[in-house]
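Please read all numbers here as calculations on a predicted model, not as lab measurements. In what follows, chains carry the letters A, B, and so on, assigned in the order in which the sequence lines appear, proteins first and then strands, with residues in each chain numbered from 1.
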Amino acid sequence: MTQATFGIGDLAREFGVTTRAIRFYEDQGMIAPRREGQRRVFQPRDRTRLKLILRGRRLGFSLAEIGEIVDLYEAPAGEAAQLKLLLDRIAARRAELKAKRRDLNASLDDLDAAAKNCRKRLKEMENGRSGKS
DNA sequence: GTTCTAACA
DNA sequence: TGTTAGCA
């Protein structure tokens, strides 16, 4: 069975990060594990947040940005006004990510073009020519 | 052995 | 963030 709680070492091993990094994220207010005396006790939800944090890191977001984004996933406060505000923020974030995706696709295309150019020159060299005139 | 805080590279 | 020190 999937355990109900985790120690900092468990999560560090599972996600391949140092315990130091996890404590750092806590200092930054991105996760708030329960305490048992001084020991940190992580609930499944903390584990999920950590997973989101690491994904954000892979996407190149600053820790501050990741903190804002992760908060968007958390349960809303309940007030209609707050829910609407949250929707606005989510929409804004989605727009940013889509823009980022477009840039990624453009970069991918550029790299593809560069690779094709390399192959072309390579073929020319193999044919005994010097490439460009 | 493991986790904790704090401070320094 | 990594590392290290001194505790519990």
## Note on the structure
Students should find that the nucleotides of DNA chain C closing off the region near chain A, any atom under 4.0 angstrom from a heavy atom, are C:dT1 to C:dA8
### Message
Considering every strand and a 4.0 Å limit on heavy-atom distances, what is the contact class for A:Leu63: base, sugar-phosphate, or nothing?
### Response
sugar-phosphate
Pairwise N/O distances under 3.5 Å, protein to nucleotides 3-9 of chain B:
unit_1, atom_1, unit_2, atom_2, d
B:dT3, OP1, A:Gly9, N, 3.2
B:dT3, O4', A:Arg39, NH1, 2.8
B:dC4, OP1, A:Arg40, N, 3.0
B:dC4, OP1, A:Arg40, NE, 2.9
B:dC4, OP2, A:Arg23, NE, 3.0
B:dC4, OP2, A:Arg23, NH2, 2.7
B:dT5, OP1, A:Arg35, NH1, 3.1
B:dT5, OP1, A:Arg35, NH2, 3.3
B:dT5, OP2, A:Arg40, NH2, 2.3

#### Entry: A:Arg34: salt bridge (charged side-chain N to carboxylate O under 4.0 Å, His left out) partners, not counting sequence neighbours
A:Glu36
### Query
Could you spell out the base pairing of DNA chain B in dot-bracket, with Watson-Crick or G-U pairs whose two distances are under 3.5 Å, [ ] crossing and | to another strand?
.|.|||||.
### Query
How about A:Lys120: does its NZ atom have over 12 heavy atoms from other parts shown lying under 6.0 Å from it?
no
Less than 3.5 Å apart, which donor and acceptor atoms pair up between the side chains of residues 26-33 of chain A and the rest of the protein, not counting sequence neighbours?
unit_1, atom_1, unit_2, atom_2, d
A:Glu26, OE1, A:Arg40, NH1, 2.3
A:Glu26, OE2, A:Arg35, NH2, 3.2

### Task
Please report the shortest heavy-atom distance between A:Ile8 and A:Ile22, naming the atom on each side.
O-CD1, 3.8 Å
### Task
Determine, for A:Lys51 against A:Asp46, whether the closest basic-nitrogen to carboxylate-oxygen distance falls under 4.0 angstrom.
no
Side-chain donor/acceptor pairs under 3.5 Å, residues 103-113 of chain A, sequence neighbours excluded:
unit_1, atom_1, unit_2, atom_2, d
A:Asn105, ND2, A:Arg101, O, 3.4
A:Ser107, OG, A:Asp103, O, 3.1

### Query
Is the backbone of A:Ser62 close enough, under 3.5 Å, to the side chain of A:Glu65 for a donor and an acceptor to pair up by distance?
yes
### Verdict with reasoning, A:Arg20 to A:Tyr25, per side-chain hydrogen bond (donor to acceptor under 3.5 Å, both in side chains)
CA-CA 9 Å; A:Arg20 176 71 182 81; A:Tyr25 298 148; over 6 Å; no
### Query
Would you say A:Arg93 has more than 12 foreign heavy atoms packed within less than 6.0 Å of its CZ?
yes
### Task
In plain terms, say whether A:Arg47 and A:Glu14 are close enough for a salt bridge, that is, a side-chain N and a carboxylate O under 4.0 Å apart.
yes
